[in-house]
Amino acid sequence: MSVLDAEGRRVRAAERARARRVAADERAERRRAASSGFSNPSNPRRSVWLTLACGVFAVYCLFPFAYLLVNATKTQADFTSTFGLGPGRSFALWDNIREVFSYQDGIFARWLANTLMYVVVGAGGATLLAVMGGYALAKFRFPGRKAVFAVVLGAISVPGIALAVPQFLLFAKLGLTNTPWAMIIPSLISPFGLYLMWIFSDQAVPGELLEAARVDGASEWRTFRTISLPLLAPGIVTCALFTIVATWNNYFLPLIMLKDADWYPLTIGLNQWKDQASTAGGQAIQNLVITGSLVTIIPLVIAFLLLQKYWQSGLAAGAVKE
């Protein structure tokens with residue numbers, strides 16, 4: 001029995017010595033990282049200032065959302081008579097939501113449906129074209145490929161607002177202003193999405209894999225559909241979210257293209273409600289504007305939460321050397 005006790009004491013002593021050596025090595029690694037300015041991902045060190053900076057940035061990003069949540073629960077009277085980040089005298093969130101969808105004969109629902117249509121057709125089409133175009137530019141060689149690359153880069157450098165007036169004049173000549181096509185057709189073109197999918201396709205889809213599929217007799221379309229698309233999922237999701245957010249938040253283009261309130265997206269419709277109080281005899285409905293804004297961002301939040309798994313699945317792509 002004494003032999004077993006002695007062996008147990010020896011093992012515990014060895015474990016304590018090992019723990020002390022590991023702790024000493026970690027302290028030495030932190031000192032080397034602090035002196036060199038680099039950190040070791042496998043041995044991170046806490047930084048109070050970095051934590052505070054991240055906390056301030058998080059508060060800055062979440063403050064507008066908190067403002068919406070608090071003020072969407074207030075009546076119009078409470079909105080103008082209480083502190084902006086304080087609760088109202090009554091909880092009126094559900095009443096505000098019902099009034100948002102019933103005000104002006106329920107036109108908010110029409111604006112929401114318009115926005116969804118512009119996003120599904122416009123942003124969805126832009127994503128599809130960007131994926132197919134980027135894949136073709138990355139995996140096929142043809143004359144003029146470098147010229148296309150230069151044109152894409154040039155299109156990215158031109159701000160969209162600079163093209164709004166020429167687009168309006170063109171669509172006016174074609175008689176398409178004040179129609180859904182004035183929103184859908186410009187949304188189908190995403191130079192940044194094309195460039196993103198071009199670069200991502202070049203890195204994410206190995207050429208050897210495509211050659212093996214061709215040797216097995218697969219057509220180009222089948223190779224793209226069954227082999228390339230699953231590998232491109234993180235890039236497709238990123239491109240889709242960029243185009244969805246851009247179309248959902250588009251303000252200037254519908255402002256100059258659309259005059260009929262029945263075709264307004266949410267951005268123009270809510271702005272019209274906001275400006276209603278400044279018109280002669282207009283009624284202030286800030287509580288409905290705030291509640292409508294809260295309802296507007298919910299689909300985007302849901303889209304980000306549902307699609308984040310595709311980002312996570314592609315975070316380590318290409319990070320390990322084979």
Side-chain angles (χ1 to χ4, degrees), residues 19-20 22-74 79 82-88 91 93 119 123 127 130 156-157 159-161 190 192-193 195-197 199-200 203-204 232-251 266-267 270 289-321:
R20 287 193 295 269
V22 170
D25 291 342
E26 289 179 350
R27 288 193 296 270
E29 179 65 26
R30 291 192 179 96
R31 286 193 296 269
R32 286 194 296 269
S35 62
S36 63
F38 295 96
S39 62
N40 185 356
S42 63
N43 185 21
R45 57 190 178 92
R46 293 183 177 90
S47 172
V48 176
W49 293 110
L50 183 60
T51 302
L52 289 176
C54 291
V56 171
F57 184 72
V59 171
Y60 172 78
C61 294
L62 294 176
F63 179 81
F65 187 66
Y67 180 85
L68 284 178
L69 285 176
V70 172
N71 288 276
T73 64
K74 299 179 181 180
F79 182 83
T82 58
F83 177 61
L85 292 177
F91 187 83
L93 176 61
V119 166
T127 303
I156 294 175
S157 64
I161 194 172
S190 176
F192 176 76
Y195 177 74
L196 174 66
M197 293 309 305
I199 302 302
F200 192 85
Q203 299 295 324
L232 296 176
I236 293 173
V237 170
T238 303
C239 180
L241 285 177
F242 273 116
T243 54
I244 287 172
V245 172
T247 305
W248 193 277
N249 295 330
N250 199 350
Y251 176 79
L266 287 169
T267 50
L270 289 175
V289 175
I290 292 294
T291 306
S293 300
L294 179 63
V295 174
T296 298
I297 67 173
I298 289 177
L300 292 180
V301 173
I302 293 174
F304 273 88
L305 293 178
L306 291 179
L307 297 177
Q308 65 176 347
K309 63 179 180 180
Y310 295 99
W311 275 334
Q312 294 171 355
S313 65
L315 287 178
V320 180
K321 184 177 179 180

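Quantities reported herein were computed from a predicted structural model and do not represent experimental measurements.
- The CZ atom of Phe200 sits 11.0 Å away from atom SG of Cys239, with the distance rounded to the nearest 0.5 Å.
- Judged by distance alone, with hydrogens and angles left aside, the side-chain atoms of Thr247 form no donor-acceptor pair with the main-chain N or O of Ile244 at under 3.5 Å.
- Atoms CG and CG, on Leu300 and Asn249 in that order, are 6.0 Å from each other to the nearest 0.5 Å.
- Under a 3.5 Å cut-off, the side chain of Asn250 and the backbone N or O of Ala246 do not form any donor-acceptor pair.
- Minimum interatomic distance between Leu232 and Ala204 (heavy atoms only, all atoms of both residues): CD2-CB, 4.4 Å.
- How far CZ of Phe242 is from CG of Leu196: 7.0 Å, rounded to the nearest 0.5 Å.
- Going from atom CG of Leu93 over to atom CD1 of Ile290 covers 12.5 Å, rounded to the nearest 0.5 Å.
- Across Leu266 and Trp248, no two heavy atoms sit closer than the pair CD1-CZ2, 4.0 Å.
- Lys74 contributes a side-chain N or O that, together with a main-chain N or O of Gly86, makes up a donor-acceptor pair within less than 3.5 Å.
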(message) With side-chain contact (heavy atoms from CB on, under 4.5 Å) as the criterion, how do Phe304 and Val245 come out once you've worked through the C-alpha distance, each side chain's angles and the decisive distance to 0.1 Å?
(response) CA-CA 10 Å; Phe304 273 88; Val245 172; 4.0 Å; yes
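- Using a 3.5 Å distance cut-off with no hydrogens or angles, the side chains of Ser190 and Thr243 do not pair a donor with an acceptor.
- What you find for Ala303 and Leu241 is that their closest heavy atoms are CB-CD2, 4.3 Å.
- Phe65 pairs by the ring-ring contact (aromatic ring centres under 6.0 Å, His included) definition with nothing, not counting sequence neighbours.
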Kindly list each side-chain donor-acceptor pair under 3.5 angstrom involving residues 292-299, sequence neighbours excluded, with atom names and distances?
unit_1: Ser293; atom_1: OG; unit_2: Val289; atom_2: O; d: 2.8
unit_1: Thr296; atom_1: OG1; unit_2: Gly292; atom_2: O; d: 2.7

